[in-house]
Structures are given as C-alpha cells and as structure tokens.
Peer 1: 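The structure is given below, and queries will be raised subsequently.
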Amino acid sequence: MLQVNDLTVKYDEKDASPVLDSLSFTIGDGEKVALIGANGAGKSTLMLSLVGVLTPTGGGIVLKHDDETAPEHTHTNSPKKHVHDTVRVDRDHHDRKTIGQLRSHIGMLFQNPDDQIFMPLVKDDIAFGPANYKEDPAATERRMDEILARLGISGLKDRLSTKLSDGEKRLVGLAGVLIMNPFILMLDEPFTFLDRRAQRTLAEILKGLNHTLLLATHDFHLAQNICGRTILLHKGKVAADGPSKEILDDEDLLRRCGL
Amino acid sequence: MHMADALVSPAVGGVMMAVSVGAIALSVKKMADEKTLDEKKAPMMGVMGAFVFAAQMVNIAIPGTGSSGHIGGGILLAATLGKWPALIVIASVLLIQCLFFADGGLLAYGCNVFNMGIVACLIAYPLIFRTITRHSMTRTRIILASIAATVVALQLGPLGVVLETTASGITKLPIGTFALLMQPIHLAIGVIEGIITAAVLVFIKEVRPEVLESAAGGTKMSKGVSVKKFVAIFAVFAVLVGGGLSLLASSHPDGLEWAIEGVTGSTELEADSSAHETAAAAVDKTALMPDYDPTGDGKLSGTMLAGIVGSAFTVVLAGGFGLVIYLARRRKIKAAEPDEALVNTGA
Amino acid sequence: MNLYTASSGLGKMEQLAVGDSPLHRLPPMVKLITTLVYIVAVISFPINNVSGLTPYIFYPACLMPVSGTPAKPFFARMLVALPFALLGGVSNLFILRDTAFMLGGLAVTDGLISFVSIMLKMLLTVSAVLLLAATTPFTHICRALSQLRLPGVICLQLLLTYRYIAVLIGEMITAVTAYRLRSPLRRGIHIRHIGSFLGVLLLRSMERADRVYQAMLCRGFDGTWDWVRGRRAGAASLAYAAIIIALCVLLRFFDLSEALGNLFVG
C-alpha cells in the first residue's frame, strides 16, 4: 500500500508556489491507477518524488506491504526484499538506505526509452538492476528469460540497443524494471512514440500484470482500458480521484483542469 | 592529429602510454577526492563523450574561405565539466575512435591522449583559459580565453606529434620541415576552433551560466596542487623539446635549407652525395634502431635477393593459408544451416 | 568520416563482434595482450627490414577468415590511417635517395624500402586492431580494462559513451537537417549560428545525462560498478597467447622470409 500524505515539492526553496501542493491519496496493493493532468500539472514531479529522486519539501510517503500480496514474480533470492516492510520517506528521512529501500519496491519506466536503456546490449541492460544488487548472474539470467518470454520479446535478448524499434524499446525498458521485482510500477507516458499496434500490445501486458500500477498518460482510452481508478492533477493539487469512467467522461472537469 | 602505429617506435609509444595512463589515474584520483563530483559524473561523462564524438563531425561553414571547420572539444569539455572529467572523456572518445575507426593507433594511443587530451585539458585550459577567466567570466573574457587556449592547445598538440614522430625515427622527415608543415596549418585551425568554442561557451553562459561556474569550481578547489603539477609537466616538456632540438640541430642543417638544397642539387651527383652524407650522419645520431645500414654500393647482395624472394613466397603462402581457411569456414557455415534456405523461400 | 557513416560503422562492428568463432570465444584480455605484443613487434622493426616483417602477414591472413572478419572494414580503416603513414613514407622516399640495390633495371632506393616497410607496418597494425575490435564486444573490452585496474565506474562511463553515440548522432543529424531546411547554405552550419546550434545540443545532452542518471538510480545504481568477472582463461586461450607471443618474439629476430629465400636461391 502506498500512502501519500500532504506531499509538497518545490524545485527551489525560494519558490513561492510549489510544484506539488499538499497531495494526499492512497493506493492499495494491486490497484491500477491512471494519473492524468495537463503538461506541467505535476505528474512527472510526483513520480520522481515517489522514487526518491526529488526530496519532499513537506509531507511524505509511506510504503507498507506484506509478502502475501507480493506479485507473482517475487523470488526470495532477491536480497533486498524484506517481508512486512514499512518505508517512510519525508524531508527528514531521505538518506541513502531509506531511498534504496524505496527504490527496491517502486519501479519507474521513464518517458523516453533511450534514457532508460543505457547498455549497448539488451541483455546487459536488463541485468543492470540486479547487477547493482550483486545478484548471482545465473539467477538473473533465468529470471530475465522468464520475463522476456512473458513480454513476448525473447528474441531481443541478444540484440543491440540501437537496433530496437520504439515499441521494442518500451518493452525492453519494462523488462529491465520488472526484473527488479518492484511491488509498484510507475510508467511515465509509456504510450508515446508507439504506433497503434504497439500500444495495444503494451496495454494488454500491463493489464495482465499483478503489480500495483500508476500510469501517467494523455491517452484516456487506454487509461480507461487498463486502470479502474483515475487521479486528476491540476496545478500540483489533486483535482479529482475516483473511478476512471466517471472522471474521464466528465468533459467540464477535464476542461477546467486544462485538458 | 591522430597518430597511427606505423610511425611510432615502441619506446616512444610506451613512454607516452605511461604518461597518459598516469594522467588518467591522476584524474580518477582527483575526481574521487573532490567533493563537487558525485555519482552523477558517470552518466554525464558518458553522454558528453557521445556528444563530443558526434559534434566533431558537424561541418561548420567558415565565411569567406569556402571550407569547413570542426570542433575538437578539449577546451569545451574542460569548461563545462571540469578538467579532470574532461580528460577522461577525451580519452574515451579517442579509444572508441581508435578501436572502431582506426583513427589513431593502439600503441600510439598514449601519444594521442597526450597530444589531444592532456595538452588541452590539463595544460591549455588551466594555464590559459582559467587564468583569463579566473576573476570574472564576462563574455569578452570567455571569447579571449577560448581562442587563446585553443590556439595554444593546437600548437602544443601538433608539436607533440612532431616530436613523438621524430623521436621514433621511423620517418626521416627533418624536424624543421615537419614542424613547418604542422604548426602554421594548426594555427589557422586553432583560431577557427577557438572561435567556435567561444561561441558555444558564450551561449551557455547566457542560458545556463551555472554549468560554467560549477566546472570552474571543481578546478578552483585544487588550485594549489595543480599549478605545481603543471609547472612540472611543462618543465619536462621544455627539456624534451630543448634537448631534442639541440641534438638534431648539431648534426643537421636547417630543415628548410636542406630540403631546398636537396631539390636543386638533385641532378648533380656531388650535391646528392653530400646531402646523403649529412642525412646519413643525422640518421645515425637520431635513429633509435641503430642497425640501419645505409648501403649505397648499388649491388644486390645475396641476402637481399633471398629476402625479396623469401618475402614474396611468404606473402603468397600466407594468402594461400588464408584462402583455405576462408573456404573451409564458408563450407562449415553453409553445412550448419541447410534449413535457412527453405525457411526463406517458404513463407 | 561523417555523421552518417559513423553510426553505421559502429553498428556494423558491434554486429561482427557478437559473432561466433574460435577467436570470438577467447577472453578479451588475451586478445588485448596478444594484439599489443603483435603491434609492438611489428613497429619495432627498423625501416630497412622488409623481409623480416613479411611473416607477420600470417596473423591477419589466417585470423581474419577464422573469425569471419570481412575485408571491407579493413579497407575503410586503411583509408583513415593512410594520410599520416603516407606522410612519413613518401617523405622518406624523397629523403633517402641512396640506391640500396638494382632489381632488373630498377634502382631500389633506401627510401623505397622504407616506404614499403611503413606501408606494410600500417597494413599489419591496422588489421591487428580490426581483429581485436571485430571479435570483442565493447562491453568485454570495458570489462578487460576494469581488470587492468581502471575503476569500474570509469569503464562504465566508457560503455555509456559508446551506447549514446548512436543516439547523439541521431540528434545531431536531425538538428543539421532542420537547420539545412531553413537556410540557403549548402556547406554545414554557419559559424554565426554555431554557438546556439551546438550550445542547445550540449545542454540537451546534459539534461539527457541527468535523466539517464535518474534512471540508473532507480535501478539501484550507487556510484560504484563492479564488472562481473568473465570466465577464466582456459588452457586453449593461454596456449593461443603463448604461441602468438612466442612467434612474435621469434620472428622479430629470425628472418623467416630470408631463410626461405635462401633455400631457393641457395
């Protein structure tokens, strides 16, 4: 379970208005939530704060989970996982260890796949995460094969990173995040750069995952398809939070929030 | 300015490799010590290295000349990343150029890192660029500093090429002639590249001045130590230059005069042999491999004939071996994939 | 080399490097060391000794087909390394005018001998580096460098440089094309605009580096990077290294071609 409590983020202490203004919401295990808002509303900022890249100016995040509700890919040889973890992150709790724990539970797929795939060979890139945690290479390779098969991209394992189509890049990036066994998966506009077929493939895969999902997107159709709940951000505040169909069909609301 | 292996001797290559490796090791140590540098440097240096690699290939039209210029990147990198990371970035780019494009030899790598990395990032940048911009980074100072530092870097670098090649002794091009070929051209190139660097840095100053300031900040912290090191490097350099030049000058008339002499006197035997004597004397004194034996008797000795015949035979034999291996491998590959053809013609 | 050829060149080389052959399967450190020994041996020859160099041709002649390295990249690389070697070789041709011997009616000068020697050295050294690059993925080269005590993070940034060259070249090409479509100039970027042209791309690259850094952090990166040790060098690899090194040293001092020639000439 992810609890966001009065989260306030300013890029610069001296700024009068914060980028995120006292955000509060809770996401339960296994929930799939769409995050929508106009450009500049704070979607990316929120995500970067949730992975500890940005430090909260006020408020904080609490991450609680029990092993019973872990997604199906969890393997106990992943050294960083603890059962019954509670991670508390706020302005005063932003040390290396806490952030490291936070990041082991939340995975993020960045908007531009080229920023995410930074090794020349696909298999080396996917193994980057586990390698940082000094996982046994043989075990990593086994899990990699599983995940690649699950995403339908086993053939890309030995491919060069520069020789991937945009859709393939997305999936390789996703594999690299999934192999970290996060409980929560955040995706920052994953459907950009994709053609219709690639979008459909990705949507199907995301629907089939057991992970808790936070999906920032401009594509309302796909958002409704994948996520039962939607949070609408406007100028750093939560403007609406409820069932996707309700919010995404409310034209007036959307227009008021700059969409 | 990239040097190939063929003109470098093992001694020179080895020494310069040691110097460059030492400088890289020093950079690594400095980066670990300085608090301004954090883990961010790895991706930053990586992406900036890629940027410089790509930027070097952009054609820049120089008005009035009809030719194009390019950016080298040493001073630019030092001014935006700091001198220690800049050296490592240049070294990385040079390694990739060496391995993938044969732009620079493998044993000559140390020479290239020195001529294009150390000279720009550890000598020209701190001693000239930083000196001019230390008090304030105004637009004028940036322009002045960029051009001055680049010109110096592009004089010392080619000078390094000249010295290293001459010291290797593979080419007998007299140092004077060589320098005459390299230095004036690089003066012009230096000015142009300096202007380009200045333009980019001025732009960055206007848009994101903190980039330049933080790079300079890194240099500032270790000012005391670095100045000493550079004086030491310069001193060594000066000794090498002075010693090398005096050695050559004592046994060898001025390069240009000699060249003219040789050309005008080529139809006359006397002039030819006197030029040859002087050259032979110079060669004997400077060659690192003193078993060079100027024969001059015009006769084809038995050893020579054997050498020629044997060489021809060796080449043919090597070619034959190669062909056999090639055909054998082709057969093996074809035999291993009989289904490929079926798959392709099927669907 | 321009933007367009560079990215395809890199891609082609990496494609070759992930192939499979006895040479590909050797540990990268072994290949690095044997290549260096070979190059040192070749360039240590004095400029009047051509016959002694010729046996070294066996190295590329045999290993290129064994590894499946095509000839085309070889010629491309020769072209790049040529100017510098040509400068040295041609100047020697003019400077060393003394006749070494007469071959038929042709006076073979010391200059000609040294020219041939330099060209041969260039051929051999370029092919040696090509063999190294075409049979060793760059990741492995970085790993070998880390085994030589270069810090893991530095090797990682080398790998990142390599990885992002293709991306940066793409950005550069897009920017150049966009510029060209809006300017009458046919030759490149006008120096008047170069400040903002490269400046914007430079800052964009820095921003990209920030994003890459964030992505790395999110996957557990902490500023250190340990390269996983490759397989230990097996007996076959060590035997290969020993043979190559021994041959390089032996042939440096024993002129095989001359000996063979002596058999013919008597």
Side-chain angles (χ1 to χ4, degrees), chain B residues 4-7 10 28 39-40 42-47 49-51 53-55 57 59-62 68 92 99-103 105-107 170-173 196 199-200 202-204 276 289 291-292 294-296 298 300 304-307 309-311 313-315 318 321-322 325-326 329, chain C residues 2-3 13 39-40 44 46 48 51 54-55 57-58 61-62 65-66 77 80-81 84-85 88 91-92 95 98-101 118 121-122 125-126 129 133 153 156-158 160-161 164-165 168-169 172 187-190 194-196 198-199 205 208-209 212-213 223 257-258 260-262 264-265:
Chain B
D5 281 326
L7 293 186
V28 169
E39 317 114 335
K40 213 187 249 211
M44 183 61 74
M45 296 192 320
V47 177
F51 169 79
F53 186 95
M57 292 187 276
N59 282 333
I60 301 164
I62 318 294
S68 54
S92 305
L99 284 174
F100 291 95
F101 301 100
D103 214 351
L106 193 58
L107 206 69
I170 309 290
T171 176
K172 301 303 174 194
L173 194 60
I196 297 171
V200 179
V202 163
F203 176 85
I204 294 179
H276 166 70
M289 294 289 161
D291 48 354
Y292 175 66
T295 49
L300 184 61
M304 293 239 166
L305 184 61
V309 170
S311 301
F313 184 70
T314 308
V315 171
F321 265 64
I325 297 175
Y326 175 69
R329 192 187 143 86
Chain C
N2 59 45
L3 286 167
M13 195 56 61
I39 292 178
V40 168
S44 69
N48 67 330
S51 58
T54 45
I57 294 181
F58 275 97
C62 296
V66 162
R77 288 165 162 241
V80 174
F84 194 65
S91 60
N92 275 12
I95 293 171
D98 198 56
T99 307
F101 54 81
I118 290 175
K121 282 183 184 179
M122 189 185 66
T125 53
V126 165
V129 178
V153 202
L156 183 64
Q157 73 85 31
L158 183 58
L160 289 174
T161 305
Y164 280 100
I165 281 177
L168 261 299
I169 288 182
M172 210 63 75
R187 306 195 90 234
I189 317 292
H190 196 280
I194 198 62
S196 55
L198 283 182
S205 300
R208 173 189 291 279
V212 170
Y213 175 58
S257 291
E258 200 174 279
L260 282 172
N262 273 323
F264 285 102
V265 173

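Numbers restart at 1 for each chain; the letters A, B, ... are given by sequence-line order, proteins then strands. Because the structure is a prediction, the values reported are computed rather than measured.
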Peer 1: How long is the gap from CG on C:L198 to CD1 on B:I60, to the nearest 0.5 Å?
Peer 2: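 So the CG of C:L198 and the CD1 of B:I60 are separated by 5.5 Å.
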Peer 1: So which of B:L107, B:I204, B:I62 has the largest heavy-atom pair count under 4.5 angstrom toward chain C?
Peer 2: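 The candidate making the most pairs under 4.5 Å is B:L107.
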Peer 1: Please answer whether the main-chain N or O of B:D103 pairs with a side-chain N or O of C:R77 as donor and acceptor at a distance below 3.5 Å.
Peer 2: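 Between the backbone of B:D103 and the side chain of C:R77 there is no qualifying donor-acceptor contact (under 3.5 Å).
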Peer 1: Does the pair C:L168 and B:V47 meet the rule for a side chain to side chain contact (heavy atoms under 4.5 Å, CB included), with working shown?
Peer 2: CA-CA 8 Å; C:L168 261 299; B:V47 177; 4.2 Å; yes
Peer 1: Using a 4.5 angstrom heavy-atom cutoff, name the option from C:L158, C:L160, C:V66, C:I165 with the most pairs to chain B.
Peer 2: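 Most pairs with chain B among the choices: C:I165.
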Peer 1: So which of C:V212, C:T161, C:I57, C:I194 has the largest heavy-atom pair count under 4.5 angstrom toward chain B?
Peer 2: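 Maximum pair count with chain B is reached by C:T161.
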Peer 1: Against chain B, label C:M172 side chain, backbone, both or neither, depending on which of its atoms sit under 4.5 Å from a heavy atom there.
Peer 2: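 Only the side chain of C:M172 comes within 4.5 Å of chain B.
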Peer 1: Is it the side chain or the backbone of B:F100 that comes within 4.5 Å of chain C heavy atoms, both, or neither?
Peer 2: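 Contact with chain C is through both the backbone and side chain of B:F100.
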Peer 1: Could you look at B:F203 and say if it's the side chain, the backbone, both or neither that has a heavy atom under 4.5 Å from chain C?
Peer 2: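 For B:F203, side-chain heavy atoms alone lie under 4.5 Å from chain C.
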Peer 1: Quick check on the interface: out of B:A54, B:A199, B:G322, who has the most heavy-atom pairs with chain C under 4.5 Å?
Peer 2: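 The answer is B:A54.
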Peer 1: Indicate yes or no: at least one non-hydrogen side-chain atom of C:I169 is less than 4.5 angstrom from one of B:M57.
Peer 2: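 Touching, per the 4.5 Å side-chain cut-off.
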Peer 1: Would you tell me whether B:T314 and C:S257 have side-chain atoms, one donor and one acceptor, within less than 3.5 Å of each other?
Peer 2: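 Yes, because at least one side-chain N or O of B:T314 sits under 3.5 Å from a partner of the opposite role on C:S257.
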Peer 1: Among C:I39, C:V126, C:T125, which residue meets the side-chain contact (heavy atoms from CB on, under 4.5 Å) test with B:L106?
Peer 2: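 Testing each of C:I39, C:V126, C:T125 against B:L106, the sole residue satisfying side-chain contact (heavy atoms from CB on, under 4.5 Å) is C:I39.
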Peer 1: Answer with side chain, backbone, both or neither: which region of B:I170 has an atom nearer than 4.5 Å to a non-hydrogen atom of chain C?
Peer 2: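 It is both, since atoms from each part get that close.
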Peer 1: Which one of B:A4, B:A102, B:G105 has the most heavy-atom pairs closer than 4.5 Å to chain C?
Peer 2: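 The candidate making the most pairs under 4.5 Å is B:A102.
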Peer 1: Which bit of B:V28 is near chain C, if near means a heavy-atom gap under 4.5 Å: side chain, backbone, both or neither?
Peer 2: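 B:V28 touches chain C through side-chain heavy atoms alone.
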Peer 1: Which atom pair, heavy atoms only, marks the closest approach of C:F58 to B:A318?
Peer 2: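 Shortest heavy-atom contact: CE2-CA, 3.6 Å.
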Peer 1: Search all heavy atoms of B:S92 against all heavy atoms of C:Q157 and return the closest pair with its distance.
Peer 2: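 Result for this residue pair: OG-NE2, 2.7 Å.
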Peer 1: Please classify the contact between B:F101 and chain C as side chain, backbone, both or neither, with a heavy-atom cut-off of under 4.5 Å.
Peer 2: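 When you check distances to chain C, atoms from both the backbone and side chain of B:F101 fall under 4.5 Å.
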Peer 1: Sub-3.5 Å donor-acceptor pair from the side chain of B:D5 to the main-chain atoms of C:V40, do we have one?
Peer 2: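 Absent.
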Peer 1: Looking only at heavy atoms, which two atoms of B:L173 and C:S91 are closest? And how far apart?
Peer 2: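 Scanning both residues, the minimum pair turns out to be CD1-CB, 3.5 Å.
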